[in-house]
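The structure appears below as C-alpha cells.
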Amino acid sequence: MREALSILASATVLPPSATPSGNYRRRHRHSTTSTTTKPRPNHNPKQKPQFPASSPLLSSSRWANRQTLAYYTKLASKLADDGKFDDFLMIAESVVASGVNMSEFLALLESEHLARGIVRLLCDGKLDSLVATLFNGIQKLGVEPVGLFDEVAIESLKAECRRLLKCGELERLVSLIEIFAGFQFIIKELVEPSEFIKLCITKREPTAAIRYAHIFPHAEVLFCSIILEFGKKRDLGSALKAFEASEKILSSPNMHAYRTIIDVCGLCGDYLKSRTIYEGLLAENITPNIYVFNSLMNVNSHDLSYTLDIYKKMETLGMMSDITSHNILLKSCCLAAKVELAQDTYKQIRKLESKGVLKLDDFTYSTIIKVFADAKMWKHALEIREDMLLSGIIPNTITWSSLISACANAGLVEKAIILFDEMLQADAQPNTQCFNTLLHACVEVCQFDRAFRLFQCWKERGSQQTISGDKLNRAYNEAVDQMSEMGVPLRLCSHLTMRVPYRPTTSTYNIMMKACGTDYYRAKDLIDEMKTFNLTPNHISWSILIDVCGGSGNVLGALQILASMRESGIQPDVIAYTTAIKICVKQKKPKLAFKLFAEMKKYQIKPNMVTYNTILRARSIDGSLLGLQQCLAIYQQMRKAGYKPNDYHLKQLIEDWCEGVLQTERRSERQFASHITDFGRQSLLLEKVAEYLQDSNAESLFIDLRGLTKVEARIVVLAVIRKIKEKYVAGKSIKDDLSIILEQQRHGDRASRDESGVGEAVIRLLKHDLALEVIEAGSRTGSDRDNKGSPTNSSLNFEVDEKGSLAETSESPTRRPIILQRLKVTRKSLHQWLHRKTVSSKR
DNA sequence: ATAGGGTTAG
C-alpha cells in the first residue's frame with residue numbers, strides 16, 4: 001500500500017492553482033468552523049504530497065475512468081481500515097484537489113471506513129477543514145448517520161469528549177460538537193449537558209453554553225440554568241450574554257428566562273439592571289407574567305417605594321398577585337423597618353385568606369415574625385405564632401429561628417433559650433444560625449460566661465469526636481447549675497442534653513470572640529481553635545480581634561493585627577480601619593488615628609460615614625490647634641464625599657474650638673500660622689477662615705459671612721475671635737469694633753429671611769456661648785427710600801460704611817431694595833471678654 | 001421556576 005502511495009505521489013502532477021490550500025479550505029473556514037474554533041494546523045505539511053502540475057493521472061478526464069476511481073477508493077478504504085488515517089486523508093486530499101466530483105468518491109467508500117477515518121482524525125486534533133469537508137460531503141450525500149457511525153466510531157468520539165471535558169479543553173470540545181451538531185443522536189451521547197455547561201461556566205463561555213443547550217429539546221430550561229449558574233458565580237456579564245444569546249435563538253420572549261436574569265441581577269447586586277430589563281419588556285409591549293413581577297419585586301425589595309409601585313402596576317394590569325407577591329411586600333416592609341405598614345399588609349393578607357383567595361404560608365409567618373423581631377416587639381412576634389398554630393402551619397427551622405431572635409433582640413436571653421427548648425421538643429432541627437442567635441443574645445447582654453458555657457456544651461455534645469463522659473458531664477452540670485441559678489426549671493434544659501450535630505461556623509467564632517470582652521489571648525485562642533473545624537477567620541474576625549486587642553489598651557498590638565490581616569491575605573476593609581481608628585481615638589492617640597486615616601486612603605479604601613464620625617472624635621484631644629485643623633479638613637472631605645456631617649459631632653467640634661479660644665497659650669501661634677496656607681484652597685469655608693487669619697488682614701475687624709452656612713459661619717466667627725485673642729495675648733490691643741455682615745435679604749421677602757439661620761446662630765454664638773455684647777442692625781441700599789419693612793433692629797447705633805463690602809453689593813443688577821443685616825461686637829465688649837478670659841485662664 | 005433566619009466599626 002505504501003508503494004501505491006509513493007507511486008501516486010511521484011506520478012501525480014497538478015497545476016499549482018489546484019493545490020489543497022485552495023478554495024475548499026478557505027471557503028470552509030467561513031462556513032462550518034465555529035467562532036470559538038481556531039483552524040487547527042494541518043498535519044505535518046512536510047508529509048504532504050507535492051502534486052506536480054498537469055498530471056495525466058489526476059486530470060478530470062482520466063478520473064472519469066471508473067476503474068481508476070475504484071482503485072483509489074479501495075486504497076482509501078484499506079488505509080482507513082488499517083488506521084492509517086493520515087494517508088487516507090492524503091488520498092482524499094488529492095481527490096478533492098483534482099476537482100473531481102467528490103460525492104462519487106465518497107459514495108464508493110464504505111461508510112464505516114469513512115466514519116472511523118473522520119472520527120479518528122478528529123480525535124487526533126486534526127480538525128482540519130478537509131476533514132470537515134469530507135464530513136460535510138457525507139451529510140450532503142444524505143448518508144444515514146445511524147449507519148455511518150458505528151459503535152466503534154461513536155465510542156472513540158465519546159472517549160475523546162470525556163477526555164476533553166476532563167482536561168477542560170472547551171475550545172476543542174466545542175469544535176467537535178459543532179461538527180456533529182447536525183446529528184442530534186450523536187450529540188446527546190457525547191457530553192452530559194450539565195457537565196458541558198459547568199465547563200462553559202468555569203471558562204466563562206456563555207455563548208458556547210447556549211449554542212450547546214440549543215441542540216436539546218426544551219432548550220429554554222437549559223438556558224435558564226446557564227443564566228442562573230453564571231449568576232451564582234457573580235458573573236452578571238456572562239449571564240447577560242447568555243440571556244441575550246437565548247433571546248436571539250428563541251422565537252418568542254421567554255418569561256422564564258426573563259425572571260431568571262432578573263433574579264441574577266439581584267444575586268449580583270445590580271438591581272438597577274433588573275429595572276432596565278423590565279422596562280425593556282414594557283417597551284416591547286410585552287406583559288410580564290407573575291413570576292417576572294415577583295422576581296422584580298424581590299430583587300428590588302430593599303426599595304419599598306419601587307416594590308409598591310410594581311405591586312400597583314400588577315394591580316392595574318389586572319394581574320392576580322399570589323401569596324409570594326404578598327410575602328415579598330412584607331419582606332420589603334421588613335427591610336424598610338416599616339412595622340405599621342407590615343402589620344397592615346399582614347392584615348390584608350389575612351383578609352384575603354378569609355375570602356379564600358390565598359393561603360398564608362410559612363414564609364408569610366416567618367417574615368412578619370421577623371418584622372416584630374427586628375422592632376424588638378417580641379410579644380407581637382409570639383402572637384403571630386398563635387395565628388400560625390391556629391391556621392395549621394407547622395413552624396419550621398426558620399420560623400423558630402425568627403421567634404428566638406425576637407426574644408434575643410429584645411435582650412430576653414432566658415425566653416430565647418426556653419423557645420429553643422420548645423423547638424427541640426417540637427422535633428424541629430436547630431441549625432447553626434439558631435445556636436448563633438442564642439450565643440449572640442448572651443453576648444449582647446454581656447453574659448459572656450454563659451455564652452462560653454453554652455458553646456462548650458454544644459461543642460462537646462454535638463461533635464463527632466468521642467468526648468469522655470467526665471468532660472461531658474462536667475460541662476452539662478455547670479450549665480445546669482447556671483440555669484438553675486437563673487431560676488430556669490430543669491425540665492426546660494433539654495438543650496443541654498440534646499445530641500444534635502453541632503458545627504460552629506466562622507460567625508459562631510466571631511460571636512464568641514466578642515464574648516472575650518478585652519481578653520485578647522482568649523480571642524486569639526479562638527482564632528486558633530477555628531482551624532480544628534476547618535474554618536478561617538474572615539474580615540469580621542479580624543476586626544473583632546483588633547477591637548478586643550485595642551480594648552485591652554494595647555494600641556500597638558491592634559495596629560499589628562491590622563498588618564497581620566493584610567499579610568494573611570485579607571485586605572483590611574473600611575470596617576477594620578475604622579475599628580483601628582476607633583481604638584486610637586479611644587486611647588487618646590489622635591496622631592495614630594490620623595496616620596491610619598491617611599493610610600487607608602493610600603490603599604484606596606473609601607472612608608464612610610462611620611469612619612468620618614469616628615475620626616472626628618479625635619478632635620483636639622491634645623488641645624492643639626493642629627488637631628483641630630486636621631478635623632476641619634476631614635469635615636470638609638466628608639462633605640465632598642457626599643456625607644452630611646453629623647450636627648452632633650460638628651457641635652462638638654465647634655465647642656472644642658471655643659474651648660481653644662479660651663485656653664490657647666502663646667505657643668500655638670507658630671503652629672497656627674504654618675497651617676493656614678495648607679487649607680486655604682480647600683474650600684469656601686477654609687478659604688474664608690484662612691482669609692481672616694492672614695497677617696495682612698491683621699488690622700481688619702470685619703467678617704463677611706455671605707454664602708456660608710450657619711455651621712461654617714460659626715467656624716469663621718470663632719476663627720476671627722481666636723485671632724483677636726492671639727493678638728491680644730501677643731500684646732496687640734483691639735483698635736476697632738468687630739463688624740459682621742450677614743446674608744443679603746430681599747426686602748419684603750419674609751420667607752427668605754435668615755432662611756439659613758446664619759444670623760440666629762451667630763448671635764447665639766456671640767451672645768450665649770461667648771457672652772459678648774452684640775448689636776444687631778440692618779441697612780437699606782438701592783433706590784427705595786420707603787421706610788416700610790425696616791430691619792428688625794433699626795434702633796441700634798449702626799453706621800453704614802461707604803467703602804468695603806458695600807461696594808460689592810451695589811454690583812447687584814437688581815434695583816430692588818436690599819437689606820443687609822449686620823452685627824457689631826464693640827471693641828469695649830471684646831476687650832472685657834478678653835480680659836475676663838485671660839484672668840480666668842491664669843487662675 | 002419564585003421568597004425567609006445568625007456575626008463586624010459610630
Side-chain angles (χ1 to χ4, degrees), chain A residues 220-221 224-225 227-228 254-260 262-263 266 289-299 301 307 321-332 334-335 361-371 373-374 395-406 408-409 416 430-441 443-444 504-515 537-548 550-551 572-583 585-586 600 607-617 646 648-649:
Chain A
E220 322 79 69
V221 180
C224 289
S225 78
I227 297 166
L228 189 63
N254 182 279
M255 286 305 134
H256 195 171
Y258 269 96
R259 69 82 39 92
T260 309
I262 288 173
D263 287 341
N289 68 9
I290 184 91
Y291 290 108
V292 173
F293 273 119
N294 284 350
S295 282
L296 183 67
M297 286 202 295
N298 186 46
V299 162
S301 58
T307 308
S321 49
D322 58 8
I323 187 65
T324 304
S325 324
H326 289 94
N327 289 346
I328 293 166
L329 270 187
L330 260 185
K331 174 188 169 184
S332 192
C334 182
L335 288 169
D361 63 9
D362 48 349
F363 280 87
T364 326
Y365 291 113
S366 298
T367 311
I368 188 73
I369 289 171
K370 176 145 185 350
V371 169
D374 290 350
N396 60 19
T397 303
I398 307 292
T399 327
W400 281 110
S401 181
S402 298
L403 284 168
I404 292 167
S405 15
N409 289 348
N431 57 16
T432 308
Q433 293 190 26
C434 290
F435 291 113
N436 288 351
T437 307
L438 286 179
L439 291 176
H440 186 232
V443 172
E444 279 294 287
T505 60
T506 298
S507 292
T508 316
Y509 276 94
N510 292 346
I511 296 166
M512 293 317 295
M513 279 167 65
K514 277 204 80 178
N538 60 15
H539 280 93
I540 300 176
S541 326
W542 286 103
S543 296
I544 298 171
L545 196 64
I546 291 169
D547 199 32
V548 172
D573 61 351
V574 63
I575 297 180
Y577 266 105
T578 306
T579 307
I581 289 171
K582 178 192 81 176
I583 294 301
V585 172
K586 253 190 188 162
M600 71 183 282
N608 63 22
M609 186 73 172
V610 180
T611 319
Y612 282 116
N613 287 335
T614 306
I615 189 89
L616 280 177
R617 275 171 41 233
N646 184 331
Y648 171 77
H649 288 296

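Below, read A as the first sequence line, B as the second, and so on, with proteins coming before strands; counting in each chain starts at 1. Values reported hereafter were calculated over all heavy atoms of this structure, with side chains retained and with hydrogens, waters and symmetry mates removed.
- When rounded to the nearest whole Å, the span between CD of A:Glu444 and P of B:dT7 equals 8 Å.
- A side-chain N or O of A:Asp322 and one of A:Ser325 form a donor-acceptor pair less than 3.5 Å apart.
- For the pair A:Lys370 NZ and B:dG4 P, the interatomic distance rounds to 10 Å; values are reported in whole Å.
- Separating the CG atom of A:Asp374 from the P atom of B:dG4 is a distance of 13 Å, rounded to the nearest angstrom.
- Residue A:Lys514 has no polar side-chain atom (N or O) positioned under 4.0 Å from OP1 or OP2 of B:dT7.
- Here B:dA3 presents its P atom at 12 Å from OH of A:Tyr291, a figure rounded to the nearest Å.
- Across all strands, A:Asn608 comes closer than 4.0 Å to base atoms (heavy-atom distances).
- When the nucleotides B:dG4, B:dG6, B:dT7 are ranked by their closest atom to the side chain of A:Thr437, B:dG6 comes out on top.
- Put simply, A:Lys582 has a side-chain N or O that comes within less than 4.0 Å of OP1 or OP2 on B:dG10.
- Residue-level contact check: A:Ser541 touches neither bases nor backbone, having no heavy atom under 4.0 Å from any strand.
- Results of the side-chain hydrogen bond (donor to acceptor under 3.5 Å, both in side chains) test with A:Asn510 over A:Asn538, A:Thr505, A:Asn436 single out A:Asn538 as the only residue that passes.
- Here the nucleotide nearest the side chain of A:His256, chosen from B:dT8, B:dA1, B:dA9, is B:dA1.
- Taking atom OH of residue A:Tyr509 and atom C1' of nucleotide B:dG6, one finds them 16 Å apart after rounding to whole Å.
- Checked by atom type, the side-chain pair A:Thr307/A:Ser301 shows no donor-acceptor distance below 3.5 Å.
- For A:Thr399 and B:dG4, a side-chain-to-base donor-acceptor distance below 3.5 Å is absent, hydrogens and geometry of angles not being considered.
- Between the C1' atom of B:dT8 and the CD1 atom of A:Ile511 lies a distance of 11 Å, rounded to the nearest Å.
- Between the CH2 atom of A:Trp542 and the P atom of B:dT8 there is a distance of 19 Å, given to the nearest Å.
- The side chain of A:Phe363 lies closest to B:dA3 when the candidates are B:dG10, B:dA3, B:dG5.
- Applying the 4.0 Å criterion to OP1 and OP2 of B:dT7, one finds that A:His440 has a side-chain N or O inside that range.
- No contact: A:Asn254 has no heavy atom under 4.0 Å from any strand.
- For A:Asp263 against B:dA1, no side-chain N or O and base N or O form a donor-acceptor pair under 3.5 Å.
- Side chain A:Asn431 to base B:dG5: a donor-acceptor pair is found below 3.5 Å.
- Residue A:Lys586 has no polar side-chain atom (N or O) positioned under 4.0 Å from OP1 or OP2 of B:dA9.
- The distance from atom CG of A:Asp361 to atom P of B:dT2 is 13 Å, rounded to the nearest whole Å.
- Nearest nucleotide to the side chain of A:Asn396, out of B:dG4, B:dT7, B:dG6: B:dG4.
- For A:Ile398, taking side-chain heavy atoms from C-beta onward, the closest of the listed nucleotides B:dA1, B:dG5, B:dG6 is B:dG5.
- Counting non-hydrogen atoms under 4.0 angstrom, A:Ser366 reaches a base of the nucleic acid.
- In this structure, A:Asp362 reaches the bases: a heavy-atom distance under 4.0 Å links it to at least one base atom across the strands shown.
- Residues A:Tyr509 and A:Pro504 form a side-chain contact, since some pair of their non-hydrogen atoms from C-beta on lies under 4.5 Å apart.
- With B:dT2, B:dA1, B:dG4 as the choices, the nucleotide that has an atom nearest any side-chain atom of A:Asn294 turns out to be B:dT2.
- Closest to the side chain of A:Asp322, from the set B:dG4, B:dG6, B:dT2, is B:dT2.
- The side chain of A:Thr324 has B:dT2 as its nearest neighbour among B:dT8, B:dT2, B:dA9.
- Between atom OG of residue A:Ser366 and atom NZ of residue A:Lys331 there is a gap of 13.0 Å, rounded to the nearest 0.5 Å.
- At least one side-chain heavy atom of A:Leu439 sits less than 4.5 Å from a side-chain heavy atom of A:Met512.
- Residue A:His326 places no side-chain N or O under 4.0 Å from the OP1 or OP2 atom of B:dT2.
- Using a 4.0 Å heavy-atom cutoff across all strands shown, A:Asp573 reaches no nucleic acid atom at all.
- Residue A:Asp361 forms a side-chain contact (heavy atoms from CB on, under 4.5 Å) with just one option from A:Thr324, A:Asn327, A:Thr367, and that option is A:Asn327.
- Picking from B:dA3, B:dT7, B:dG5 the nucleotide with the shortest atom distance to the side chain of A:Ile540 gives B:dT7.
- Using a 4.0 Å heavy-atom cutoff across all strands shown, A:Thr505 reaches at least one base atom of the nucleic acid.
- Heavy atoms of A:Asn298 sit under 4.0 angstrom from primed sugar atoms or phosphate atoms, though from no base atom.
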